[in-house]
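One structure is given here, and the rest of the page talks about it.
Just so it is clear: chains get the letters A, B, ... in the order the sequence lines come, proteins before strands, and each one is counted from 1.
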Amino acid sequence: MMTTPGPLIVQSDHTVLLEVAHPEAEAARHELAVFAELERAPEHFHTYRLTRLGLWNARAAGHTSKEVLDTLDRFVKFPVPTNVSAEISFAMDRYGKLRIERKDDELVLTANDPIILREVKGAKSVAQLLLDQVDETTIKIAPWARGELKQVLLKRGWPAEDLAGFTPGTPYEIELNEDGWQLRNYQLQAIDRFYEGGSGVVVLPCGAGKTIVGAGAMAKVKAHTLILVTGAVSAKQWRSELLARTSLTEDDIGEYSGSSKEVKPVTIATYQILSSKRQGQFAHLSLLSDYDWGLILYDEVHLLPAPIFKLTAELQARRRLGLTATLVREDGKESDVFSLIGPKRFDAPWKDLEQQGFIAPAACFEIRVDLTEDERYHYASAEDADRYRIAASSSAKDPLIKRILKKHEGEGALVIGQYLEQLDETARLLDAPLITGQTPISEREKLFQEFRDGIHPTLVVSKVANFSIDLPDASVAIQISGSFGSRQEEAQRLGRILRPNKDGATSSFYSLVASDTVDQDFALNRQRFLAEQGYSYTIMKESDFS
Amino acid sequence: MLQDTLALLNAVSQLDEISLAKLLENRLEAREILNIEILELVEKLLSASNIKEALKKLSYSQIGALRSKELIGSEQTLASLLSLGLLGIHNGSPCHLKAVKPQLDDSLETAKTDWRLPSFESSDDIHRTFTSTQKSVLLLREISRQPLSLNQSGSAPASVIQQLGERFNSSNEETSLLLDALLVAGFLIPKQKLSPASAKIELVPSANSDEWALSDHHARWLHFAQLIISNAPELISVQLSPDKNLISTFNSILDDHPLIDNQYREKLKNFVQMCELLGITNDGNFHPAIQLLLQEEPAKAFQAAAAHFPETVSGVIIQPDFSVIATGPLKPEQGLKLLELVHVVTPGLATTLQISPDSIKQAVANGWDPVEIGSFLRDISLTPLPQPLTFMLSELQTRQTESADFKTAQFQKTTDQPEQPQDKEVLKQSVSTSSIAESTARKILNTIKTKPHYSTLIVLEVAKRSKAKLYITLLIDDVAETLLVTPLSVSKDRFRALDQVRERELVIPLKAVTNIDLQDGPLDNKKLVGYNG
């Protein structure tokens with residue numbers, strides 16, 4: 001059989017392999033990104049997946065099934081399996097047969113074929129969201145049901161094309177202040193793809209400037225904007241970044257958190273305050289719906305709490321932008337992010353940005369320590385639920401932490417862990433400041449500043465450091481324990497040291513793991529996401545570390 | 001339209017209460033039924049979308065009656081159509097409704113492809129040809145590890161079909177067909193299960209299946225195809241011809257043989273689908289190589305098959321996440337050897353595989369040596385092995401060496417050693433604790449042997465959790481006896497264990513235990529001193 005030497009291999013399970021070193025790989029990647037989801041990006045072959053969501057997304061952007069098949073045919077090594085080409089045509093041809101439109105100022109669901117409408121309204125989950133039938137092909141829907149209807153129709157395999165448009169929101173002049181810096185090419189692409197689509201998610205590695213993409217999106221939309229962030233420290237960092245990068249002034253930006261309740265043209269609120277309850281009610285959720293926001297921006301969208309998810313379903317008329325480094329939800333709700341916030345609009349492989357010098361190269365190490373004799377005995381006789389804690393907080397890790405820090409003397413280092421008792425011990429051992437959820441914001445900021453100034457070369461931090469901390473000088477991270485096998489936590493923690501170092505040096509990420517324990521099993525799972533992004537761990541025994 | 005309305009009104013008004021309720025249930029939604037007037041009902045029943053929906057449930061005979069000009073059908077068929085509101089009554093006799101015909105034609109047009117024979121999506125698809133043969137080999141390998149027990153009706157249990165399908169990315173239907181194909185070709189054979197408890201039949205690979213699996217891809221496929229064709233059901237076999245479409249042959253057999261029973265019809269259908277799945281036919285047309293085979297030109301058929309298959313690749317790419325990519329077919333021998341070390345993620349012309357700690361452990365359990373694994377992977381890999389993989393292999397090697405050393409380790413019971421309070425605590429805590437890793441157990445046992453205060457109780461408890469096998473020496477009535485057991489439960493003064501040689505449970509008093517030795521490696525008969533069960 002003759003084969004064409006293309007860079008793509010389409011497999012019958014709908015995965016597409018891209019040979020990274022192939023001369024046509026870049027061109028193929030560019031076109032593939034329109035309709036396929038990047039699943040893993042290790043060193044030699046990247047795996048994309050053709051999903052209905054991805055295909056519908058491409059259809060929504062105006063691409064036809066013929067174009068998709070032509071693209072594949074142009075780049076494949078073997079012919080596209082017929083089951084895959086049939087599915088591409090079938091799935092893409094379904095898109096647009098149901099539409100959400102605005103007629104006489106009312107939202108309606110319309111269908112090309114009355115049979116389709118009949119089929120979908122036969123489902124209870126759909127029927128309860130519909131109002132009166134106007135004619136054989138049109139049914140009215142309530143404005144609040146727009147998101148949920150899209151969600152249930154999507155689950156039933158009939159994606160509705162949403163042509164009802166977005167509420168512009170209260171206009172507000174926001175400009176980027178590109179003084180001494182400019183948007184990078186991938187940031188521009190991310191902003192444009194979001195704006196063209198109207199809503200969706202941008203996935204970029206930590207340190208690749210997601211905040212700047214957010215600021216760029218605000219400057220495109222030019223309207224009142226609500227920014228939802230993970231915590232107060234993150235809120236302050238958003239504020240200072242916006243002040244530095246845009247035309248916004250202090251007076252334009254409000255903070256809506258536990259300590260302050262300002263609503264201004266640009267308001268930064270925490271997930272925590274929005275999902276907090278008073279007398280059994282979500283007391284602050286109305287912030288989302290009571291104001292005329294033109295853009296709602298969800299930072300670290302993979303952490304979006306359930307109540308905000310629910311209300312977001314009702315906010316389909318507003319532009320929504322989700323930002324994240326890892327669209328991996330440990331609760332498996334990635335598809336809800338897709339239907340409620342929007343599809344993934346932009347994704348850049350971590351290693352690509354590393355090669356371009358936008359994020360620091362990082363060397364990852366897993367170093368295995370042996371439990372002490374007493375710990376081993378204690379571990380063996382412990383209940384399953386306690387075993388990870390016993391293994392992860394082994395005292396055998398302590399001397400190793402010191403040795404690693406000694407090796408990296410002069411570099412800013414973070415020691416990150418899960419268990420407060422263990423962190424407390426470690427901080428004492430290293431004579432380093434400890435930052436946990438209990439550390440007051442002002443104290444945290446002071447310590448961060450002192451860390452930046454080199455007063456403290458090492459910080460010991462709990463999981464509060466997993467997100468949105470701007471620590472430009474950290475180039476070493478030592479993970480001593482974590483949230484079991486959480487892949488996104490591992491990625492976020494690596495992200496703490498990915499901001500490019502001044503001299504272009506390689507950052508170092510150490511994960512200390514107790515041998516022959518569940519700590520080792522969880523480590524394997526934790527590393528999966530990064531391994532799929534092309535990061536390679538060097539595994540060694542404590543005795544081999546030098 | 002008026003004619004239809006009157007005829008249907010007539011038909012509906014003659015339905016009894018039960019039939020009317022059934023009609024409403026079949027044709028309307030629950031909320032539409034409330035307070036509906038008869039005229040309104042007739043109007044709804046005559047709407048195009050409603051008719052189309054009702055047509056979906058019709059049988060061939062009902063469709064036949066509706067398509068016949070003179071409304072020909074059995075009394076039962078016509079009655080069923082009347083009760084579905086798809087016929088009217090005119091002058092006291094059932095009559096066609098004009099509104100039905102266009103919807104019926106439309107539905108038949110749409111359903112044309114699967115009206116007679118559900119077929120796999122196909123074209124001249126090398127993927128299907130290659131992958132289905134590859135999956136057949138994978139199924140054989142799997143069954144050689146674990147024979148497939150048939151259920152009482154003589155077929156493979158649905159749960160097993162599903163498991164096999166999930167393993168190799170196949171639908172249940174595809175997996176069943178491939179198993180059938182392997183049976184037809186004689187690569188799987190039924191065998192009486194040698195178990196005193198049951199007289200079950202299981203499927204096992206035949207003696208010649210290994211040789212077949214190791215032959216070149218195109219030869220493998222052609223041989224498979226040849227065996228299947230030579231075992232075609234009689235009615236098809238007599239009509240096999242290179243230029244005759246197999247699906248048409250099947251359909252004409254059905255038309256010409258109205259009395260064929262379901263079982264034989266299924267057999268014919270299975271054969272046709274099997275040929276389609278294995279690429280012997282493509283939309284019923286024989287593959288050029290198979291045409292040559294049917295013309296008794298085996299050498300040319302062989303050449304045609306060889307031209308159809310892609311070249312083999314020289315190796316695989318092993319990535320840092322332990323995924324293994326073969327960008328084309330591997331040489332069968334190489335591919336099958338690799339399969340012993342990996343899980344299959346996606347079979348196909350290009351195959352994605354995955355190495356995991358479990359797959360490597362499994363390989364070691366099957367007799368591979370870690371050094372041998374490393375050397376094979378280095379040979380087959382076109383890229384350097386990822387460091388975590390070499391680390392894992394060297395760790396495994398170290399463990400094996402340690403276990404060999406450990407064989408000599410023994411635990412002497414100190415009969416005068418009082419029970420330690422912490423022993424009881426361990427037992428208490430262990431109630432709901434699942435087993436621990438073997439390597440962990442070994443380390444603990446190693447530790448314990450140096451600590452006289454850790455009693456027999458603890459050793460047995462750890463062995464129980466790690467499912468370790470122990471040589472236990474007992475002194476009963478001044479007679480020493482050594483058994484090979486796995487502890488199942490341990491209490492203060494006795495333990496329950498499974499005698500690994502006799503396969504029965506024993507309850508052994510702790511005070512009788514004089515020596516414990518961990519079994520590491522194959523059974524050492526010499527150790528079973530005075531063994532009398």
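- In this structure, Trp350(A) contributes its side chain and Leu530(A) its backbone to no donor-acceptor pair below 3.5 Å.
- Under the side-chain contact (heavy atoms from CB on, under 4.5 Å) test applied with Val84(A), the options Val16(A), Leu50(A), Asp13(A) reduce to a single match, Leu50(A).
- With a 4.5 angstrom heavy-atom cutoff, Pro386(B) does not touch chain A via any of its atoms.
- For chain A, the nearby part of Pro357(B) is the side chain; its heavy atoms alone come within less than 4.5 Å.
- Residue Leu524(A) touches chain B through its side chain alone, counting heavy-atom pairs closer than 4.5 Å.
- Of the atoms belonging to Leu17(A), it is side-chain heavy atoms, and not backbone ones, that fall under 4.5 Å from chain B.
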In sequence, state the C-alpha distance, the side-chain angles, and the governing distance for Asn50(B) and Ser47(B), and then conclude on side-chain hydrogen bond (donor to acceptor under 3.5 Å, both in side chains).
CA-CA 5 Å; Asn50(B) 200 310; Ser47(B) 76; 4.6 Å; no
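- The contact between Glu136(A) and chain B is made entirely by side chain atoms (from C-beta outward), counting heavy-atom distances below 4.5 Å.
- Annotation: maximal heavy-atom pairing with chain A below 4.5 Å, among His218(B), Glu395(B), Gln319(B), occurs at Gln319(B).
- Residue Tyr388(A) is tested with Asp519(A), Asp521(A), Thr517(A) for a side-chain contact (heavy atoms from CB on, under 4.5 Å); the sole match is Asp519(A).
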Can you check side-chain hydrogen bond (donor to acceptor under 3.5 Å, both in side chains) on Gln354(B) and Ser323(B), steps first, answer last?
CA-CA 4 Å; Gln354(B) 182 75 42; Ser323(B) 59; 4.9 Å; no
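- Interface remark: Thr327(B) contributes backbone and side-chain atoms alike to the contact with chain A (heavy atom separation under 4.5 Å).
- Contacts between Val10(A) and chain B at a heavy-atom distance below 4.5 Å involve the backbone alone (N, CA, C, O).
- Ranked by heavy-atom pairs under 4.5 Å with chain B, the first of Ser12(A), Pro81(A), Gly122(A), Ser536(A) is Pro81(A).
- The parts of Thr352(B) that come within reach of chain A are both its backbone and its side chain, each placing non-hydrogen atoms under 4.5 angstrom from that chain.
- Contact annotation: the side chain of Arg156(A) approaches that of Val126(A) to within less than 4.5 Å [non-hydrogen atoms, C-beta and beyond].
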Carefully, step by step, assess His287(B) and His308(B) under the rule ring-ring contact (aromatic ring centres under 6.0 Å, His included).
CA-CA 10 Å; His287(B) 186 280; His308(B) 187 54; 4.2 Å; yes
